[in-house]
Amino acid sequence: MNAMAQPTRMDPGDSAAADIVTYDVRDLIVSGVQARLVLDGQPYFLRITRAGKLILTK
């Protein structure tokens, strides 16, 4: 698992996205299917569906 995914650099001309840290989901989901995320000690699972959509579950 990639412990420290690097944020994607946004276009400096895009002021709406300039203040938002952006990660490419495929950098978080190294196995190609699912990643476990933890918030306040609670695990969540981020999954890419066959249709290319994201699902976040607890």
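Start at 1 with the first residue, then count along the sequence. We use all heavy atoms of the structure for the numbers below, so side chains are in, but hydrogens, waters and symmetry mates are not.
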Would you be so kind as to tabulate the donor-acceptor pairs closer than 3.5 Å made by side chains of residues 37-47, with sequence neighbours excluded?
none

Report all side-chain donor-acceptor pairs from residues 49-58 shorter than 3.5 Å, counting only partners two or more places apart or in another chain.
residue : atom : partner : partner atom : Å
Thr49   : OG1  : Ala51   : N            : 3.3
Thr49   : OG1  : Gly52   : N            : 3.4
Thr49   : OG1  : Lys53   : N            : 3.0
Thr49   : OG1  : Lys53   : O            : 3.4

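Atoms CD1 and CG, from Ile48 and Leu28 in turn, are 9.0 Å apart once rounded to the nearest 0.5 Å.
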